[in-house]
Amino acid sequence: MTDNPAATNDVAVSLRGRINTSQPHTARIWNYWLGGKDNYEVDRAAGDRIRQLHPGIGEYARADRLFLGRAVRHLVAEAGIRQFLDIGTGLPTADNTHEVAQRIAPDARIVYVDNDPLVLAHARALLTRTPEGRTDYLDEDLRNVDAIFEHAAKTLDFSEPVALMLLGVVIFIGDDEDPYGLVRQLTDRLPSGSHLVLSHTVTSPLMPDVDEAVRFWNENGTPKLTQRTAQDVTRFFDGLELLDPGVVSCSRWRPEHAHGAEPEEVAMFGGVARKS
């Protein structure tokens, strides 16, 4: 689909001067915690320091990834969704949205949106697809709603239900930028029967080490994070029909092997909701 030298050159030009290897970046640290290789020494050093402050942080990345898989499988197999708009996709790893969806429904269509230069560099890898389906990538910021929908409409049919994926990305929208209004702008563009899948790191008096890790990050890394409570995260689903079990720790959203003890809670909470 993208075996085109000109496309490769376009990516190289787009990246020129955009990747800062002197400062840790959250997407690259996330990649490091997941066992990936698309990171630099500065990212690994920051990731190790954050892990010292909060040893369980790596479990958040894994829990969020597993949550993505379970949510996508439910949406495709149970809700009949065949279109996904994945904003803030991050660096590719195992079982990306298109891989999970097209494994069940080969005709599924996926548009990835991210403005991270390293993600753009890996866009060609993301653009693999089944013969029946389509996968595309857009280099755009979450805040630019009009541009996202204009370009995504080349691949997705917005007269049919779409699953909007916002995993671990709204945390980068500060309270002064009206994050709830931004999410509402996105969901307002979707037709009835669409779904919102959202995850967000939470702050809690029971997890003070999480806040310490976030403080370290905001002093040393980019982009900056805004912590929110579980109740604050639930507000992103206002006006939508939350699916059971609501907004919970990602590890506890419909775990597939929940025999006996409930999975350990992590400070990454998520939920899935349907638009009537």
Q. Are Val266 and Arg62 side-chain neighbours, meaning at least one heavy-atom pair lies under 4.5 Å?
A. no
Pairs under 3.5 angstrom only: tabulate donor-acceptor contacts from the side chains of residues 178-193 to other protein residues two or more places apart or in another chain.
unit_1, atom_1, unit_2, atom_2, d
Asp178, OD1, Gly181, N, 3.0
Tyr180, OH, Asp232, O, 2.9
Arg184, NH2, Asp238, O, 3.0
Thr187, OG1, Val183, O, 3.2
Thr187, OG1, Arg184, O, 3.2
Arg189, NH2, Asp146, OD1, 2.2
Ser192, OG, Ser276, O, 3.3

Q | Residue pair Asp95, Arg65: steps toward the salt bridge (charged side-chain N to carboxylate O under 4.0 Å, His left out) verdict | A | CA-CA 8 Å; Asp95 282 344; Arg65 203 69 191 177; over 6 Å; no
Q. Can you list every side-chain hydrogen bond (donor to acceptor under 3.5 Å, both in side chains) pair that touches residues 204-215, not counting sequence neighbours?
A. His54-Asp209, Thr203-Asp211, Glu212-Arg215
Q: For Arg70 and Cys250, indicate whether the former's side chain and the latter's backbone hold a donor-acceptor pair under 3.5 Å.
A: yes
**Q.** Side chain proximity check, Leu142 to Leu166, heavy atoms < 4.5 angstrom
**A.** yes
Q: Can you sort out the partners of Glu265 under salt bridge (charged side-chain N to carboxylate O under 4.0 Å, His left out), two or more places apart, ordered by chain and number?
A: Arg252
**Q.** For Phe149, all residues meeting ring-ring contact (aromatic ring centres under 6.0 Å, His included), sequence neighbours excluded
**A.** Phe158
Q) Can any side-chain N or O of Glu132 pair as donor or acceptor with the backbone N or O of Ala108 at less than 3.5 Å? A) no
Q. Do Asp175 and Arg228 have side-chain heavy atoms sitting under 4.5 Å apart?
A. yes
Q) Between the main-chain N or O of His98 and the side-chain N or O of Tyr112, is there a donor-acceptor pair closer than 3.5 Å? A) yes
Q. Are Glu160 and Arg109 close enough for a salt bridge, meaning some N to O gap below 4.0 Å?
A. no
Q. So how far is it from Gln102 CD to Ile104 CD1, rounded to the nearest 0.5 Å?
A. 11.0 Å
(Q) Given Asp86, which partner from the list Thr135, Asn96, Thr97 fulfils the side chain to side chain donor-acceptor pair (under 3.5 Å) test? (A) Thr97
Q | Residues in salt bridge (charged side-chain N to carboxylate O under 4.0 Å, His left out) contact with Asp244, at least two apart in sequence or another chain | A | none
Q) Backbone N or O of Leu167 within a donor-acceptor pair of the Ser199 side chain at under 3.5 Å? A) no
(Q) My understanding is that only residues two or more places apart in sequence, or in another chain, count here; which of them pass ring-ring contact (aromatic ring centres under 6.0 Å, His included) with Phe67? (A) Trp253
**Q.** Side-chain donor or acceptor of Arg274 paired with backbone N/O of Leu242 under 3.5 Å
**A.** no
(Q) Would the distance check show the side chain of Glu140 and the main-chain N or O of Val113 forming a donor-acceptor pair, the cut-off being under 3.5 Å? (A) no
(Q) For Arg254 and Glu78: C-alpha separation, side-chain torsions, deciding distance, then whether salt bridge (charged side-chain N to carboxylate O under 4.0 Å, His left out) applies. (A) CA-CA 13 Å; Arg254 303 190 180 190; Glu78 304 298 329; over 6 Å; no
Q | Common cluster, Ile87/Leu225, ILVMFWY with side-chain heavy-atom separation under 4.5 Å | A | yes
